[in-house]
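Notes follow once the structure below has been shown.
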Amino acid sequence: MTSRTYYTAVPKGDSTMLLYEDLARARMREAEQAASKLRLVRRLTAAKRWNRVSKWAAKRADQVASSL
């Protein structure tokens with residue numbers, strides 16, 4: 001039969017961090033990582049959008065220049 005050990009604190013130097021504090025910090029790190037990924041996705045989406053607008057504007061400028 002195996003014995004179970006229940007941990008309620010994780011030693012961190014002189015002070016101990018309670019388990020719920022450790023879990024809260026882990027959740028905060030996960031939330032920060034998710035926010036970072038979302039920022040990256042938004043930047044990539046914006047770059048694609050501006051690229052399309054730039055191509056459209058260049059094509060439109062060429063059309064106007066050729067009609068002059």
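The analysis underlying the following values was restricted to heavy atoms, covering all of them including side chains, and did not include hydrogens, waters or symmetry mates. Values in this document were obtained by computation on a predicted structure and should not be read as measured data.
Interatomic distance, R49 CZ to R42 CZ, rounded to the nearest 0.5 Å: 11.0 Å. Annotation: the span from R27 atom CZ to E30 atom CD amounts to 8.5 Å, rounded to 0.5 Å. To the nearest 0.5 Å, atom CD of residue E32 and atom NZ of residue K37 are 13.5 Å apart.
The backbone N or O of V41 sits less than 3.5 Å from a side-chain atom of T45, completing a donor-acceptor pair.
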For K59 and K55, run side-chain contact (heavy atoms from CB on, under 4.5 Å): C-alpha distance rounded to whole Å, both residues' side-chain angles, the deciding distance at 0.1 Å, then the answer.
-> CA-CA 6 Å; K59 188 167 38 169; K55 287 179 181 179; over 6 Å; no
